[in-house]
Amino acid sequence: MPSITVSYRDLCKLVGKRIKPNKLCERLSMLGIEAETAGDELKLEITHNRPDLLSPEGVARALSGFLGVEKGLPLYKLSASEVTVEVDQSVDAIRPFIAAGVVTNVKLTDEIVASLMQVQEKLHASLCRNRRRGSIGVYDLDTIQPPVHYTTTLPDGIRFVPLEFARELTPAQILHEHPKGIEYRPIMQEWLRYPLLIDAQGVVLSMPPIINSESTRVTSTTKRLFIDVTGEDERVANQSLTILMTGLAERGFGLQSVVVKYPSRRVRTPNLRPSRHRLSTRATNEFIGFNLKPK
Amino acid sequence: MFLGLNLDLHAILDGLSFQEKKVLLALQELGGKAEISDLAVHAGLDQSAIMRAVLALSEHGLAGVREKKFSKVSLLPEGLEYARDGLPERRMLVALASCGSEVVNTVAATANLSDEQKQIALMWLKRKGWAEFTKKDEKTVLAITESGSGTLSQKSTDEKLLDLLAAQARNVEELLSDMKEPLRILVERKLVKVEEETWRELELSELGNQALKLGIKPVEEVSELSHELLTSGRWREVKFRRYDVVAPVTPAHPGKVHPQQQVIDELREILLEMGFVEIKSNMVESEFWNFDTLFQAQDHPAREIHDSLSLSKPERTKLPSPALVKRVAAAHERGVAGSTGWGYKFSVDISQRPILCSQTTAATVRYLASHPEPPAKVFCIDRVYRHEKIDYKHLAEFYQAEGIVMDPKLTLRDMLGYLKQIMVKLGFSKIRFRPGYFPYTEPSAEADVYFPEKHEWLEVLGAGMFRPELLHPLGVKHPVLAWGIGFSRLAMIRLGIEDIRNLFNNDLEWLRTRRMI
């Protein structure tokens, strides 16, 4: 089971209520989250079916509902951004899907940055199956000139400075020299072209599913975020994006959608409309052995 | 009343051994009271035989033992030698007074001391202050002191004690108080030793006297019926020794059930009592039954090669009917009854891969596939295999215990009831349920039991209602509740062991000394 670390203070702040550590652990375990405290740190074990709990923001959202602090379905405001992503036909054979969104009014604290990095890492490991089904990129939108192109490049077709490096490398060099390249290149071993996100002026955002570029790096002064999830599974890409963006919304930031233009269709992501499922009262009562009545 | 007493006495006398009778008679001859060592000599028995007899007589109430512990001081060989020849320092002092020389070596030669004795003599002359040492022409010379010349005419206390002990060993308690310091010195010089001894005396009791009045004849006894006794017919004459059924014997180690097996048997008994029927799992299983039918996605991390143990031979296993495989594949790809499935391309190649069974649920699902109609109530306690590094918390081969119930009217509440019943039967009284997650059940719960001595809840059971994605492909149309016990943890709790490896411990000494549960 994936486990995450959250700050007790941060969690209480997000819930909007101070709960004693013992009580908090007991309540969390009744939510199916095993919790252990060590000072201000809480170590939480999250079950595989709840990737939405892989961040303190997600846990806080679940806790607020469970504790009755905030009842009902959480709803998020989503406005349309100007940003579009244009998908090139060449990605179809290797990593066909992308979901993207914009976060505005961002004010990044150390805690938020740590949480954002953790949720990315945990989503990569679990829902995204070690980046195979999906991989996430987060950028400073103000360093990018839309529209963003999701396309492919030859292994030595372009050069850019990957994160944590000081010099330009080709995609092939990244796979052999960058730690992340070495770690994740098995995913790409049969690909002849590599995925690439690049902006209108030719600035590279990232080479999914390996590494972002240094020039679009998020800093403490970043005001707007651009987030993308590429992958071989469109549903996983959409779910990951939703988890990331709603988590940031819990911090009070604004959410904006992006239009993704595939060669033959266009979609607007993220899709934050709740999905509807029909449940029969009779079947439910028969199943759980209660006698609940529809309101 | 008198008659009754006599009958008892006869019974006691009849039960006495040859040696015990001899001791009783010897005690009478010695006047009814004697020290054990004297008694031994008189009865002609060795130390252990006399002690056994004395113990038996006192247990029957025929005689009473009085004992006193004391410290005995006696001479060691070197002490004995000095008692005879005098202490080296005394011999040196006498020689110094008589030979006219003051040079050490000359004096020592006159006193006829060995080199070692000379060293001892010099040390004690100095310590006792009997002589003074000075250098003269590169030689050590001695001069008698005032205390030394006083000593010439009178023995010192340590010498007196030596003489006393040469005559006979003494009780420390008997010695006069001015002998305490000399005793300490002699012990330090390793000339005497002090030993703890027990003095025992046996005295006839009233009952013993009555017994002797009845008349006692010691007859030799045999403890084993020999061929010679049978053929010669002597068995008619000899007296057979009675068995002492309370005498201590060397421990016997009868075969017993291994501790882990005991817990398995106990759990099996409980489940049989609850109406469950036992099924067994296969050691080698296909990924189809081990994972696919359980709705575990084929690209799930738990299915990667480093988690379960795959087999190189056979390369593939037989799958059940293509229709069933197709229904399972459809559940994975698209879901069933309005669910969405995992949304990936199902691979029959992966389904056919053989592995060592990694969860007993494989057996449960096989059973359901062949018995899709209610009712069903089965359990499985069997071994499963994982790719684990073995340490105090992990084993690569361990037991799982689990069961299912299928019935048209079954609900989640029934499930909790079953769990509670199992745990109460296992002896846990304080229980709580928590929501849980397992890939093949929804809703799922985990059950904890409370340990007051540790102030903590320990998870022992997981359970849930099988998902439609599992049931529909198998053709099961009724609710099925499933539970699994963390068997190793349960066994460790039950056996009070901390290291999981002990569940398979085969060390005979360890097994022999373990209590049965």
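Below, read A as the first sequence line, B as the second, and so on, with proteins coming before strands; counting in each chain starts at 1.
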In this structure, CZ of R413(B) is separated from CZ of F287(A) (nearest 0.5 Å) by 14.5 Å

Apply side-chain hydrogen bond (donor to acceptor under 3.5 Å, both in side chains) to R327(B) and list each qualifying residue two or more places apart in sequence or on a separate chain. none

I need the contact set between residues 342-363 of chain B and chain A: heavy-atom distance under 4.5 Å, sorted by residue number. W342(B), G343(B), Y344(B)

Tell me whether R268(A) at atom CZ has more than 12 heavy atoms from other residues, nucleotides or ligands lying less than 6.0 Å away. yes

So do R50(A) and Y437(B) actually touch side chain to side chain, heavy atoms under 4.5 Å? no

Taking side chain as everything from C-beta outward and backbone as N, CA, C, O, which of these in R133(A) sits under 4.5 Å from a heavy atom of chain B? Side chain, backbone, both or neither. side chain

Step through the shown structure and confirm whether more than 12 heavy atoms of other residues, nucleotides or ligands are within 6.0 Å of CD on E70(A). no

Flag if over 12 foreign heavy atoms under 6.0 Å of NZ, K377(B): yes

Least distance between heavy atoms, N49(A) atom then E442(B) atom: ND2-OE1, 4.4 Å

Should the heavy atoms of other residues, nucleotides or ligands under 6.0 Å from CG of L458(B) be counted, would the total exceed 12? yes

For chain B, which residues of residues 228-237 of chain A have at least one non-hydrogen atom nearer than 4.5 Å to it? D233(A), R235(A)

Mind ranking D414(B), L416(B), T340(B) by heavy-atom pairs under 4.5 Å with chain A and telling me who comes out on top? T340(B)

Segment of L410(B) engaging chain A (4.5 angstrom heavy-atom cut-off): backbone

Mark yes when over 12 heavy atoms from residues, nucleotides or ligands other than Y392(B) sit less than 6.0 Å from its OH; otherwise mark no. no

Heavy-atom pair of closest approach, residues T411(B) and I288(A): CB-C, 3.8 Å

In terms of heavy-atom contacts, does CD of Q89(A) have more than 12 from other residues, nucleotides or ligands at under 6.0 Å? no

Should we count CD of E456(B) as having more than 12 external heavy atoms under 6.0 Å? yes

Crowded around R265(A) CZ? As in, over 12 foreign heavy atoms under 6.0 Å? yes

Please flag which part of S444(B) lies under 4.5 Å from any non-hydrogen atom of chain A: side chain, backbone, both or neither. neither

Hey, which residues of residues 27-39 of chain A are touching chain B, say heavy atoms under 4.5 Å apart? S29(A), M30(A), L31(A), G32(A), E34(A)

With no hydrogens and no angle check, is any side-chain donor or acceptor of R129(A) less than 3.5 Å from a backbone partner on D299(B)? yes

Could you give the distance from CZ (R432(B)) to CD (E26(A)), rounded to the nearest 0.5 Å? 6.5 Å

